[in-house]
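A quick write-up on the structure given underneath.
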Amino acid sequence: MPLIAIASPKGGVGKTTLTAYLAAYLAAQGWRVVALDLDPQNALRLHLGLSIREEAGVMANLAEDTDWHAAMVETPFGVQLLPFGNADPVDALDSFAAIMEDPELIARPVRQIAARADTIMLLDTPPGPNPATAALLPLIDLTVLVLLADGGSAAMIPRIAENSFMGRSATARRAAERAVVVLNQFDADAPLADAVLAMAERSLGDRLLGTIRRDDALAEALADKRLLLEDDTPAADDLHAIAEAVIHQARLRKPGRRRGFSALSEWGG
Ligand SMILES: Nc1ncnc2c1ncn2[C@@H]1O[C@H](COP(=O)(O)OP(=O)(O)O)[C@@H](O)[C@H]1O
Ligand SMILES: [Mg+2]
């Protein structure tokens, strides 16, 4: 039921890395996880262990009759993946234009897939404002914003704290209220790092889920088609803590002995 978006104003900050880890972590705990890649980079499939030769997906050449269930791929990490699909830039723009024209083109299938009570749906979103995230905004229960501990991110923090960073509409404001923040690629020795962390702690309180240290093990794991789930490295420890914080923030009830599953999509008062 819950729909969790991983988002950022910038590219290259670690959205896809975090989406893949969270998806695999939740799947390993027994949830049914569907991950949807909304970014034309189409990179989530690589993080989840698929071959670069697998080019199919739901977003490239998006059309009314796209069969989302048929397009779902079972990944080696137990996550059901809806890849973006291989799209040249013109195809990707066409898909986004079609969504601007008719947001239901993606809102309808996403609502259907997320409706299953045993399902957690994760969205890997394109950086910055984009039609795909905008179309799904009313459906999103929690946004995990990935920032860096740098000047650009520091500039965003006040607008995140006052819930205005997604726009002025009521929908944008409601979605912004349901956003939490992760500082990725954290390096305590970097200039500004401590100052940005202190500012984020002060402004965001418990909406700051924590930091993920800069760690080359992440890139190495990706090259080996692994996800650091079992590893004992700084980034693995941090990712684990962030995943547990997301479970807490989204009020996900751990699947266990009980048959079925109950997740409260209402959270955060
Ligand atoms: N904590 C980290 N430490 C070191 N490298 C990281 C970390 N997080 C992400 N990266 C690397 O940064 C690059 C961009 O990450 P990615 O998840 O693709 O970002 P995005 O999806 O936001 O564009 C990748 O090469 C990834 O391995
Ligand atoms: Mg990405």
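Worth saying up front: this structure is predicted, and the values here are computed from it rather than measured. Counting starts at 1 for both ligands and their atoms, in listed order.
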| Which of the atoms of ligand 1 are close to R213, meaning less than 4.0 Å from one of its heavy atoms? |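 Here the atoms of ligand 1 in question are 1 (N), 2 (C), 3 (N).
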| task | Treat each ILVMFWY residue as a node, draw an edge where side-chain heavy atoms are under 4.5 Å apart, and state whether L218 and L229 are in one component. | result | yes
Hey, can you pull the donor-acceptor pairs under 3.5 Å for the side chains in residues 151-158, sequence neighbours left out?
unit_1, atom_1, unit_2, atom_2, d
S153, OG, L148, N, 3.0
S153, OG, L148, O, 2.8
S153, OG, D150, OD1, 3.0

What is the nearest protein non-hydrogen atom to [atom], stated with its residue, atom name and distance?
atom                    : answer
atom 8 (N) of ligand 1  : N184 ND2, 2.9 Å
atom 2 (C) of ligand 1  : L218 CD1, 3.2 Å
atom 5 (N) of ligand 1  : D215 O, 4.0 Å
atom 19 (O) of ligand 1 : G14 N, 2.9 Å
atom 10 (N) of ligand 1 : Q185 NE2, 3.8 Å

| query | Rounded to the nearest 0.5 Å, what separation is found between the CG atom of N61 and the CG atom of D94? | reply |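 One finds 8.5 Å between CG of N61 and CG of D94.
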Do any nitrogen or oxygen atoms of [X] lie less than 3.5 angstrom from nitrogen or oxygen atoms of ligand 1?
X    : result
A235 : no
T17  : yes
H47  : no
L222 : no
T16  : yes

Between [X] and [Y], does any side-chain N to carboxylate O distance fall below 4.0 Å?
X    : Y    : answer
E55  : R45  : no
D118 : R116 : yes
R173 : E162 : no

Would the distance check show the side chain of [X] and the main-chain N or O of [Y] forming a donor-acceptor pair, the cut-off being under 3.5 Å?
X    : Y    : result
D37  : D39  : yes
D67  : H69  : yes
Q249 : D206 : yes
T66  : W68  : no

| For ligand 1, the portion of V146 having any non-hydrogen atom under 4.0 Å away | neither
| field | Nearest protein heavy atom under 4.0 Å from atom 13 (C) of ligand 1, yes or no | value |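 Neighbour list for atom 13 (C) of ligand 1 is empty of protein heavy atoms (cut-off 4.0 Å).
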| said: Would you say atom 24 (C) of ligand 1 makes contact with the protein, given that contact here means a non-hydrogen protein atom less than 4.0 Å away? | reply: no
| query | Would one find an N, O or S atom of T17, in either backbone or side chain, under 2.8 Å from the Mg ion (ligand 2)? | reply |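 Coordinating: no.
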| message | Does the residue S8 have a heavy-atom contact with ligand 1, meaning some pair of atoms that are separated by less than 4.0 Å? | response |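 Heavy atoms of S8 never come under 4.0 Å of ligand 1.
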